[in-house]
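Below is one structure, written out as structure tokens; comments come after it.
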Amino acid sequence: NAGVTQTPKFQVLKTGQSMTLQCAQDMNHNSMYWYRQDPGMGLRLIYYSASEGTTDKGEVPNGYNVSRLNKREFSLRLESAAPSQTSVYFCASSLAGESRYTFGSGTRLTVV
Amino acid sequence: GEDVEQSLFLSVREGDSSVINCTYTDSSSTYLYWYKQEPGAGLQLLTYIFSNMDMKQDQRLTVLLNKKDKHLSLRIADTQTGDSAIYFCAESTGQFYFGTGTSLTVIP
């Protein structure tokens with residue numbers, strides 16, 4: 001089915017390791033987003049990309065970097081993972097000017 | 001960011017109605033949304049309401065919006081076990097702000 005695909009689904013990292021979370025959408029959406037979900041805190045925006053070639057910080061960008069590789073793909077990188085980055089990460093996409101998002105199924109990341 | 005508040009837990013018996021409440025702070029919100037998250041899955045858009053409406057009905061779902069009190073609710077009629085999930089309200093003022101989520105448990 002068309003939609004937003006995230007890889008990997010699960011990952012365990014040691015403190016200080018780096019990794020990249022991948023996200024791809026096949027709906028020709030312009031805008032893409034990375035959120036983290038923590039218990040009792042809802043979803044918090046890490047970074048977003050309003051269109052290909054642009055990226056902007058969200059509410060909680062520290063410790064993360066992003067790359068909008070092309071219109072389809074938006075990756076999230078942790079350069080030096082910390083236990084505070086243990087979370088479930090969701091990628092989402094939308095058409096420009098539309099606020100209905102399509103979400104991926106999430107990446108559960110544990111940093112030990 | 002904006003504050004979007006929800007109670008964390010709700011339990012109802014199968015067949016009863018569920019009411020999930022949400023309060024928000026930004027009166028300039030253009031759309032307000034309800035998303036459903038089933039275990040191990042991403043969020044799926046359930047329904048939404050434009051800010052100049054006060055009610056929207058969609059089969060078993062009724063959304064009520066009180067703009068004066070900045071209060072949004074989602075009523076699920078004849079709640080089924082398949083409705084067990086986490087429900088997030090969200091407001092959009094160009095950027096999305098999600099609530100903390102309400103975990104709904106339906107007791108058979």
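Proteins get letters first, then strands, A, B, ... in listed order; numbering begins at 1 in each. What you are looking at is a predicted structure, and each value in this text was computed from that prediction instead of being measured.
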Which bit of A:Leu43 is near chain B, if near means a heavy-atom gap under 4.5 Å: side chain, backbone, both or neither?
-> both
Side chain, backbone, both or neither of A:Gln37 within contact of chain B (heavy atoms, under 4.5 Å) | side chain
Is the number of heavy atoms from other residues, nucleotides or ligands under 6.0 Å of B:Gln44 CD greater than 12?
-> no
Atom pair OH (B:Tyr35) and OH (A:Tyr101), whose distance is rounded to the nearest 0.5 Å = 7.5 Å
Examine A:Val88 and A:Val66 and state if one hydrophobic cluster contains both, with Ile, Leu, Val, Met, Phe, Trp and Tyr joined whenever side-chain heavy atoms are less than 4.5 Å apart.
-> no
Do other residues, nucleotides or ligands put more than 12 heavy atoms under 6.0 Å from the CZ atom of A:Arg108?
-> no
Does B:Phe50 CZ have over 12 foreign heavy atoms under 6.0 Å away?
-> yes
Shortest non-hydrogen separation from A:Phe103 to B:Leu43 and the atoms involved | CB-O, 3.4 Å
